[in-house]
Amino acid sequence: MDDAAVERVREVVRSIPPGETSTYGEVAARAGMPGRARMVGRILAEDGHDIPWHRVLRADGTCAKHVAQEQAARLRTEGILLVDGRLPRRP
DNA sequence: ATACTGACCACCA
DNA sequence: GTGGTGGCCAGTA
């Protein structure tokens, strides 16, 4: 895969402000690869770096299964409260 | 090369 | 609300 693309994805994730969230598809689009949401997921999985990966949720507002607990905890730290395992509606 | 899998998504029934 | 289908791309066997 393209390292530059990976860097762009990391940059996009880093640019998500505290207290805000985004989605895999959104990150992919902002990184210049619309429709590559899966790639974003794989990158975050591989990363484990100093990027706020916990601010990235699924399109339906739920957390990825493997990290749901950790993610919910981190989000709670930033003032984001998940209701029944999902992010409340945001118009 | 094929086949399966996965931090995904949109669409339709 | 749920569940199936097709598309997506990269890694692994």
Side-chain angles (χ1 to χ4, degrees):
Chain A
M1 62 167 111
D2 185 3
D3 289 351
V6 175
E7 264 310 312
R8 285 199 304 277
V9 168
R10 289 209 263 247
E11 188 54 47
V12 168
V13 174
R14 241 180 254 128
S15 75
I16 304 172
E20 298 275 321
T21 65
S22 188
T23 69
Y24 295 90
E26 191 65 32
V27 169
R30 284 185 49 180
M33 22 178 182
R36 281 48 170 181
R38 258 187 140 130
M39 187 174 177
V40 173
R42 216 206 74 73
I43 291 172
L44 294 193
E46 187 69 26
D47 250 346
H49 287 115
D50 310 305
I51 63 178
W53 56 268
H54 53 280
R55 297 188 190 134
V56 184
L57 307 185
R58 289 182 179 164
D60 61 0
T62 63
C63 335
K65 179 184 177 287
H66 334 270
V67 292
Q69 275 295 326
E70 176 77 14
Q71 189 160 26
R74 284 171 174 264
L75 289 175
R76 199 173 342 107
T77 294
E78 300 195 350
I80 303 175
L81 194 48
L82 273 55
V83 180
D84 192 38
R86 102 174 36 168
L87 189 68
R89 304 257 178 214
R90 57 173 223 185

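First the proteins, then the strands, lettered A, B, ... as listed; each starts at 1. If you're wondering where the values come from, they're calculated on a predicted model, not measured in any experiment. Keep in mind that the numbers below use all heavy atoms, side chains included, and drop hydrogens, waters and symmetry copies.
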Side chain of [X]: nearest nucleotide among [options]?
X: A/Ala37; options: C/dC8, B/dC9, C/dG1; result: B/dC9
X: A/Leu44; options: C/dG7, B/dC9, B/dA7; result: B/dA7
X: A/Ala64; options: B/dC9, C/dC9, B/dC8; result: B/dC8
X: A/His66; options: C/dC9, B/dA7, B/dC9; result: B/dA7

Whole angstroms only, please: what is the [atom1]-[atom2] distance between [X] and [N]?
X: A/Arg58; N: B/dC9; atom1: CZ; atom2: C1'; value: 11 Å
X: A/Asp47; N: B/dA7; atom1: CG; atom2: P; value: 15 Å
X: A/Met1; N: C/dC9; atom1: CE; atom2: C1'; value: 9 Å
X: A/Glu46; N: C/dT12; atom1: CD; atom2: C1'; value: 13 Å
X: A/Met33; N: B/dC9; atom1: CE; atom2: C1'; value: 15 Å
X: A/Asp2; N: C/dG11; atom1: CG; atom2: P; value: 11 Å
X: A/Ile51; N: B/dA7; atom1: CD1; atom2: P; value: 16 Å
X: A/Glu26; N: B/dC8; atom1: CD; atom2: C1'; value: 14 Å

Handout entry: B/dG6 base / A/Arg38 side chain donor-acceptor hit below 3.5 Å
Key =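 When only heavy-atom distances are counted, A/Arg38 does reach the base of B/dG6 through a donor-acceptor pair under 3.5 Å.
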Exercise for the section: Give one of base, sugar-phosphate or nothing for A/Arg55, where a contact means two heavy atoms less than 4.0 Å apart. Expected result: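 Nothing, no nucleic acid heavy atom in range.
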Practice task
Using a 4.0 Å heavy-atom cut-off across all strands, classify A/Ala45 as base, sugar-phosphate, or nothing.
Solution key: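 Here A/Ala45 touches the bases of the nucleic acid.
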Exercise for the section: Evaluate the criterion side chain to side chain donor-acceptor pair (under 3.5 Å) for residue pair A/Arg30 and A/Ser15; output intermediate values, then yes/no. Expected result: CA-CA 11 Å; A/Arg30 284 185 49 180; A/Ser15 75; 2.9 Å; yes
Problem - Hydrophobic cluster membership, A/Leu87 vs A/Val56, 4.5 Å side-chain cutoff - result: no
Exercise for the section: Using the C1' atom on both, measure B/dA1 against C/dT12 and round to a whole Å. Expected result: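 So the two C1' atoms sit 15 Å from each other.
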Exercise for the section: Please state the C1' separation for the pair B/dA7 and C/dT2 - nearest whole angstrom. Expected result: 22 Å
Completion exercise
Tested for side chain to side chain contact (heavy atoms under 4.5 Å, CB included) against A/Trp53, the lone hit among A/Asp47, A/Val40, A/Val67 is A/Val67
Handout entry: Salt bridge present between A/Glu11 and A/Arg8 (N-O < 4.0 angstrom)
Key =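 Salt bridge: no.
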Problem - Side-chain touch A/Gln71/A/Arg74, heavy atoms, less than 4.5 angstrom - result: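 They are not in contact (no side-chain heavy atoms under 4.5 Å apart), so the answer is no.
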Handout entry: Heavy-atom side-chain proximity of A/Val9 to A/Met33 below 4.5 angstrom
Key =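 With C-beta onward as the side chain, the pair touches.
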Problem - For the student: nearest non-hydrogen atoms of A/Ala5 and A/Met39, plus distance - result: CB-CE, 4.5 Å
Practice task
Taking atom CG of A/Asp60 as the centre, report whether more than 12 heavy atoms of other residues, nucleotides or ligands fall under 6.0 Å from it.
Solution key: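 Counting neighbours around CG of A/Asp60, more than 12 heavy atoms of other residues, nucleotides or ligands fall under 6.0 Å, so yes.
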Exercise for the section: Treat a base pair as Watson-Crick or G-U wobble with both distances under 3.5 Å, then lay out DNA chain B in dot-bracket form, 5' to 3', with | for cross-strand pairs. Expected result: .|||||.||||||
Problem - Short side-chain N/O contact from A/Arg36 to OP1 or OP2 of C/dC9, under 4.0 Å - result: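 The answer is yes; a side-chain N or O of A/Arg36 sits under 4.0 Å from OP1 or OP2.
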